[in-house]
Amino acid sequence: MSLAHLLLRQAQLRPDTPAIFSGPKPWATHGMWAARSAALSMRLREAGLQPGDRVLLFLRNHPRYLELLWGLWWAGLVAVPVNAKLHPREVDWIAGNAEAAWAFTSADVATGPLAGVSVQIDVDSPQADALLAEAAPGTVLPEPFDADPDHPAWLFYTSGTTGRPKGVVLTHRNLMTMGLTYGIDVDPVDPHDAMLYAAPLSHGAGLYAVPHLMAGARHVVPESGGVDPAEMFALGRHHGPLTTFAAPTIVRRLVEQAQAEGLAPTDAARSFKTIVYGGAPMYAADIRRALEVMGPRFVQIYGQGETPMTITALSRAMLADVDHPRWAERIASVGVAQTPVQVRVADAQGRPLPAGELGEVLVKGDTVMAGYWRNPEATAATVRDGWLHTGDMGVLDADGFLTLKDRSKDLIISGGSNIYPREVEEVLLTAPGVAEVAVVGAPDAEWGEVVVAFVVGLPGTNPDVAALDAHCLAQMARFKRPKRYVVLDALPKNHYGKVLKTELRQRV
Ligand code: AMP
């Protein structure tokens, strides 16, 4: 069984229901989607592609993205979705590493030919139309590829905030398990639901096409092809409440949009059923504000490319349980292990640590990658005895809630004491006028390292350093407070909205 069988099943169950939308407009029913993906798979096989071959997808969010993904899986091919905002040189490197002979691109992101790719097809070209056209009546279409569960489906290049990106091999089993548990741990889905793809389809948002197809729900690709909060709210009013995946920076923009439009939580509920957030730390102050402005429509997930979207989840109910004695700690956590995985916190030797102790987060289960693409050394270093070493540092509490501390490389050691930037950031974010912060360590002759805070003010405010210092002194140990403040207009972020601390460290 392969992921393509999910599409075949929906094409049989509800052939005529609209499945894919381009903004407000219907694009394809389940029947059309399956017919196009099956026809594409037939043509790709006729052109010589073999199961297991890699095909690059380097395009902005586009309704055809879903037809392409499922067409590749129908033929047993491996999709290599690449973030549309990468530099062409980075994409060339990925295409070469994946040895992808074919690529589907869009003109706005691929400005020239990709190195090493022999067939490059613009998704809006007549060539793409021909490849995706439904076959003539009477044509016998191929059955979906009968994949072994360990057959690769998606080669996912890590965002590479450090060093060269590595290709994470995600199998049909990995994505099937991720998809099935979505309904248990994240949010039940039914055919009336609609998933909105504003965040890149090449990343977590695209992975969530799997559970939404499993449930026969609708898929909405905004016409802007990206994150436009006004458009997202409007599409929700048009289609009925949508589900979307949002990095914390996108959540912040949605909250600002709701405030700018003067919307009440009941209005937000008309546009959004569920906003799944994750991919980077969400500060307690930010999720509190999001809940106040938009109501209980948030669920947090913690995952990484190596175990896609599936490590822990903090459910809507947990976020809403304000009367729970440990609610404040819980909303600053990433929640509890998702159903198909075991999660532990371990010491440097991989031995499990008791509740309350800080160590590396390890994960075991059917969502853990098959390995890094043609990189057995990196695989052996990262997956040991079946346990994925995430590189994230965290603490489990007695109830199984995991709180992430900073990655070990982000830890600041000042005068021999460990300082977790996240803790300082959480405090600074509760100071008036502060919109965003990032804390890093700067080398210091006396202390080894000192804490430096980069601060972005709310629109129209200019953060006052003396007031920030007083705020920190009132709330945390003296040694943890920033010795220096740098006020910025915006924090440097990568294409997925993660703050680039490496860049900030270089500045200090
Ligand atoms: P990527 O593989 O590019 O998706 O990055 C995964 C990394 O993002 C994880 O290892 C974490 O460091 C971070 N991350 C993902 N989800 C969360 C979350 N909910 N809270 C904090 N950090 C997260």
Side-chain angles (χ1 to χ4, degrees), residues 81-83 85-86 90 94 154-170 174-175 178 185-186 199-208 245-252 275-284 286-287 290 298-315 318-319 330-338 341 343 345 360-363 367-369 372-373 378 382-383 388-395 401-411 420-423 425-426 438 493-502:
V82 176
N83 190 292
K85 289 183 189 152
L86 289 192
E90 298 171 297
I94 290 174
W154 183 308
L155 191 52
F156 180 102
Y157 279 81
T158 55
S159 45
T161 40
T162 51
R164 286 269 194 214
K166 291 192 281 288
V168 173
V169 179
L170 298 176
N174 291 151
L175 299 190
M178 177 273 306
D185 295 302
V186 183
L201 274 160
S202 57
H203 212 76
L207 290 162
Y208 276 171
F245 175 71
T249 46
I250 304 179
V251 172
R252 170 188 296 278
I275 298 171
V276 184
Y277 66 91
M282 170 67 96
Y283 298 101
D286 286 340
I287 188 61
F298 294 91
V299 181
Q300 181 178 204
I301 63 97
Y302 157 50
Q304 65 174 201
E306 290 82 345
T307 172
M309 312 303 263
T310 322
I311 302 177
T312 60
L314 184 66
S315 69
M318 291 164 182
L319 279 162
R330 286 186 170 185
I331 63 162
S333 80
V334 289
V336 299
Q338 292 192 36
V341 292
V343 175
V345 164
E360 186 177 5
V361 179
L362 312 190
V363 186
T367 52
V368 171
M369 64 168 178
Y372 291 115
W373 174 249
T382 308
V383 185
L388 170 75
H389 288 59
T390 62
D392 292 319
M393 302 298 287
V395 183
F401 284 73
L402 177 70
T403 300
L404 292 182
K405 302 289 171 179
D406 302 273
R407 294 180 74 90
S408 40
K409 64 176 168 36
D410 290 333
L411 180 73
Y420 291 95
R422 167 87 186 244
E423 214 184 310
E425 289 159 358
E426 292 276 12
K493 291 186 185 142
N494 76 3
H495 307 310
Y496 298 110
K498 290 186 211 264
V499 176
L500 291 169
K501 290 212 166 169
T502 330

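Along the sequence shown, residues are numbered consecutively beginning with 1. Indexing begins at 1, ligand by ligand and atom by atom, following the structure's order.
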Hey, is ligand 1 close enough to [X] that some N/O pair sits below 3.5 Å?
X      : answer
Leu404 : no
Gln300 : yes
Asp392 : yes
Gly279 : yes

Gln300 side chain to Gly335 main-chain N or O, any donor-acceptor pair under 3.5 Å? no

List every atom of ligand 1 that sits less than 4.0 Å from any heavy atom of [X], numbering the atoms from 1 in the order shown and giving each element.
X      : result
Gly303 : 6 (C), 9 (C), 15 (C), 16 (N)
His203 : 3 (O), 4 (O)
Gly305 : 1 (P), 2 (O), 4 (O)
Gly278 : 19 (N)

Between [atom1] of [X] and [atom2] of [Y], what distance do you get to the nearest 0.5 Å?
X      : Y      : atom1 : atom2 : value
Met393 : Lys405 : CE    : NZ    : 11.0 Å
Ile94  : Lys166 : CD1   : NZ    : 12.5 Å
Gln338 : Thr312 : CD    : OG1   : 6.5 Å

Any idea which part of Met282 is under 4.0 Å from ligand 1, heavy-atom wise: side chain, backbone, both or neither? neither

With under 30° as parallel and over 60° as perpendicular, where do the rings of Tyr208 and Phe245 fit, or are they tilted in between?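 If you compare the ring of Tyr208 with that of Phe245, the planes turn out perpendicular.
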
Please name all residues satisfying side-chain hydrogen bond (donor to acceptor under 3.5 Å, both in side chains) with Gln304, sequence neighbours left out, ordered by chain then number.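 Per chain and number, Gln304 pairs via side-chain hydrogen bond (donor to acceptor under 3.5 Å, both in side chains) with no residue.
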
Can you sort out the partners of Ala199 under side chain to side chain contact (heavy atoms under 4.5 Å, CB included), two or more places apart, ordered by chain and number? Ala205, Ile250

Could a heavy atom of Ile301 be found less than 4.0 Å from some atom of ligand 1?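 Yes.
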
Please state which option from Gln304, Lys498, Met393 has its nearest heavy atom closest to atom 5 (O) of ligand 1.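 Of the listed residues, Lys498 has the closest heavy atom.
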
Which residue is it: Glu425, Arg422, Arg252? I am looking for the one with a side-chain hydrogen bond (donor to acceptor under 3.5 Å, both in side chains) to Tyr283. Glu425

